[in-house]
Each structure stands twice: as structure tokens, then as C-alpha cells.
Amino acid sequence: SEHDVHEYMKTAEGLARVAGDLVRDAYKKDKAVESKSCAVDLVTETDKKVEEMLISSLHKKYPTHKFIGEETTASGEPCQWTDDPTWIIDPVDGTMNFVHSFPFVGICIGLSIAKELVGGIVYNPIYDEMFHAIKGEGAFCNDQPIRVSGQTDFSQSLLITEVGFNNEEMFEVKMFNYKAVVKAGARGIRSLGSAALNMCHVARGSAELYYEYGIHCWDMAAASVIVREAGGVVLDTTGGPLDIMSRRCVAAASEDLIKVFKDHVKHLTLQRD
Ligand code: LIP
């Protein structure tokens, strides 16, 4: 192909480290916080600065490539996903964690070509953990291969999801689902506060299944490559093919777990990205 995905992802990894320095410096300082769609949807100067740095650097190197970025979209630009190589970027996934100095923050850089997700980087600069994957080549954390647990038994599974208050209806369904998956036999539920790092924990075999309603394409694009390359499965919450614009996903150590999961939860349909 005309595309050197290795070279693209090497560049992205270097930029993720530069972004990591910015995030790590700002993490120790006071942060000026604004909210976006609702009281718990936060943004800081760091989110904006990091996104600008990533997009302008990638644009300089690859002028024909396109971008979908969390903060660019928030500032009013439409989210257009085409067949062109497209970088899907979340400068700080886990902004609330960043604001509270809770150490699960991830810089997410995903790459799609012809709308296929071909590369993903999720970097946690606080723990200095670099997760990366290229389609067909396995998944790595700090250059060591990672694998999902491979668990197929829901009753031996540790789940991850997030429960925050966006609006009354979503909150009710989220609480219903929280109870439903525990009653269905899950061993327990964790929340790290970053969709991408939640998915990386499935990828590295530390949890069996992550699901969430209300996330965005930039929260899941990069990490879904990492989960798949670690041997896991990423699907729509109903068990159908993943649609990164649909605001929901489930990532698991095996498809068997998703078959159990999907029958116990209420499926929220949200406004697309
Ligand atoms: C966040 C996600 C988190 C979700 C939040 C938010 P952000 O991303 O990682 O899992 O519960 O609603 O979308 O906004 O910090 O990049």
C-alpha cells in the first residue's frame, strides 16, 4: 500500500511522549477547569494545548491526512470521518482524573485508513505506560507483548464501566445495568475514569470486560486496536459490529462474555458523533 503505517505510528508515538511531558508538568499544578456539555464534562487548558500540538505536528508531517479531535469537535467543527487517513485524537482521556490528580489519564491517538482502524496509541504519562498496536502485529505495553485473559466464563469475570451523572434517563439506565451485570454473576466492577485505559486493562488481562454508553469515537478508536491485537473482541454493546460513532462499545477477553453481557443490559441509543 501507499501507506507506511509503521512510520506513521512511530511519529505518533514520539508525539505522544511530547504530549506526555506537557500533561505530566500540568498534572502537578493548579488547573483552570471549564465544563462543556454538562457539569461533569470537563476541559482544561492542557486538553486544548495538547490537542493543538498533536494536530499541528501531524498535519505538518502528513498534510493530506485528516483529523478528528475531541476539543476541535467541542469548539464546533463537525466530526467528519472519510476514507482518507484520519487521526482520531483524545488529548487527555480522563480529564476529570487529570483535574483531581487521579493518575489514570491517557493520551489517545488512533489512525484509520479507509475507515478501518489500523493503529492505536494510548499513553499514560503519569505511570509512563505506552500502549501501542498496529493491526496484524500484536499489542504492546512499553514494548512488551500484552494479551487478554481469554476468560470465557462471565461468573469468573471482573468488569469495568463508568457511572457518572449526565442526565436523569442515562443515569437510571446506567444504574440498572450496573445492578444487572452483578446479578448476572460478574465478580465485581471497577472504574478507572478513562475509557481508553479501561480498555487497555482488558487488553493486558487485568479485567475481562469493559462497557460504556455515552463515550465518543476519540475515547475508543485507539484503544480498540490495542484490545483486538491483544486477542480481545470489541463490539457494539448489542453484540453487532463496532460503530465508533455510535457512542457505545463493549471490549472483552472473549466473545462468549459479550453474549452474556448483551442479554442482561438495557441498550441506550445516543446522538451520534
Ligand atoms: C471520558 C471517558 C470516560 C467517560 C467520560 C468521558 P474525556 O473522556 O474516558 O470513560 O465516562 O464521560 O467521556 O472526556 O475525559 O476525554
Side-chain angles (χ1 to χ4, degrees), residues 16 19-20 22-23 26-27 31-52 54-55 67-75 79 87-110 120-126 131 159-171 173-175 177-178 189-203 207 209-224 226-227 234 237 244-251 268 270-273:
L22 295 173
V23 171
Y27 183 80
K31 298 122 185 156
V33 189
E34 294 164 56
S35 47
K36 298 189 285 183
S37 64
C38 63
V40 294
D41 186 11
L42 309 179
V43 62
T44 69
E45 280 311 312
T46 304
D47 298 65
K48 295 178 195 170
K49 193 160 105 185
V50 169
E51 181 160 319
E52 270 164 33
L54 291 173
I55 292 181
F67 298 91
I68 295 174
E70 174 169 27
E71 307 317 333
T72 316
T73 305
S75 70
C79 200
W87 296 95
I88 304 174
I89 295 172
D90 189 340
V92 180
D93 184 51
T95 301
M96 191 184 295
N97 286 348
F98 172 74
V99 166
H100 289 263
S101 303
F102 188 79
F104 292 92
V105 297
I107 294 154
C108 305
I109 309 176
I121 284 167
V122 177
Y123 180 48
N124 180 342
I126 311 305
F131 293 90
L159 270 50
I160 315 185
T161 195
E162 302 289 334
V163 183
F165 188 90
N166 298 76
N167 62 61
E168 194 72 40
E169 189 214 352
M170 264 181 88
F171 186 66
V173 175
K174 283 186 180 188
M175 293 314 291
N177 288 347
Y178 204 92
I189 308 186
R190 304 289 182 264
S191 301
L192 302 181
S194 152
L197 287 169
N198 287 340
M199 290 173 78
C200 288
H201 280 70
V202 173
L209 181 144
Y210 158 74
Y211 71 94
E212 192 170 348
Y213 293 85
I215 57 171
H216 295 273
C217 58
W218 45 80
D219 297 319
M220 59 179 122
S224 61
I226 295 166
V227 174
V234 188
T237 48
I244 61 164
M245 298 298 166
S246 73
R247 312 279 313 277
R248 59 193 204 183
C249 81
V250 54
L268 278 164
L270 296 143
Q271 168 148 32
R272 298 174 63 74
D273 275 331

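Counting starts at 1 for both ligands and their atoms, in listed order. Keep in mind that the numbers below use all heavy atoms, side chains included, and drop hydrogens, waters and symmetry copies.
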| Going by heavy atoms, is Gly214 under 4.0 Å from ligand 1? | no

| Does Lys36 come within less than 4.0 Å of Glu70, counting only side-chain N to carboxylate O? | yes

| query | Would one find an N or O of Gly94, backbone or side chain, under 3.5 Å from an N or O of ligand 1? | reply | yes

| message | Among all protein heavy atoms in this structure, tell me which lies nearest to atom 16 (O) of ligand 1, with the distance rounded to 0.1 Å. | response | Asp90 OD2, 2.7 Å

| task | Assign the ring pair His216 / Trp218 to parallel, tilted or perpendicular, where the plane angle (0 to 90°) is split at 30° and 60°. | result | parallel

| query | Is any NZ, NE, NH1 or NH2 atom of the basic residue among Glu212 and Arg247 found under 4.0 Å from an Asp or Glu carboxylate oxygen of the other? | reply | no

| message | Angle between ring planes, Phe131 versus His201, binned at 30° and 60°: parallel, tilted or perpendicular? | response | tilted

| message | How long is the straight-line distance from CE of Met220 back to CG of Asn198, given to the nearest 0.5 Å? | response | 13.0 Å

| message | Could you walk me through whether Ser35 and Asp41 satisfy the side chain to side chain donor-acceptor pair (under 3.5 Å) test, starting with their C-alpha distance in whole Å, then the side-chain angles of each, then the deciding distance to 0.1 Å, before giving a yes or no? | response | CA-CA 5 Å; Ser35 47; Asp41 186 11; over 6 Å; no

| note | Ranked by distance from atom 14 (O) of ligand 1, the top protein heavy atom is Glu70 OE2, 3.2 Å

| query | Measuring from Leu42:CG to Glu34:CD, what's the distance to the nearest 0.5 Å? | reply | 10.0 Å

| ligand 1 contact on Asp93 by region, counting heavy-atom pairs under 4.0 Å | both

| Does atom 2 (C) of ligand 1 have a protein heavy-atom neighbour under 4.0 Å away? | yes

| field | Residue, atom name and distance, where the atom is the protein heavy atom closest to atom 10 (O) of ligand 1 | value | Glu212 OE1, 2.9 Å

| request: Look only at interatomic distance and state if Thr95 has a nitrogen or oxygen under 3.5 Å from any nitrogen or oxygen of ligand 1. | output: yes

| message | If we set the cut-off at 4.0 Å for heavy atoms, which region of Val92 has an atom near ligand 1: side chain, backbone, both, or neither? | response | backbone

| query | Can you find a non-hydrogen atom of Gly164 under 4.0 Å from ligand 1? | reply | no

| Do Asp93 and Ser194 get their side chains close enough for a donor-acceptor pair, meaning under 3.5 Å? | yes

| query | What's the shortest distance from atom 13 (O) of ligand 1 to any protein heavy atom, and which residue and atom give it? | reply | Asp219 OD2, 3.4 Å

| query | Has Lys174 got its NZ or CZ under 6.0 Å from the middle of the six-membered ring of Tyr213, at an angle within 45 degrees of the ring axis? | reply | no

| message | Any nitrogen or oxygen of Leu42, side chain or backbone, less than 3.5 Å from one on ligand 1? | response | no

| query | Which of the numbered atoms in ligand 1 are below 4.0 angstrom from a heavy atom of Glu162? | reply | 10 (O), 11 (O)

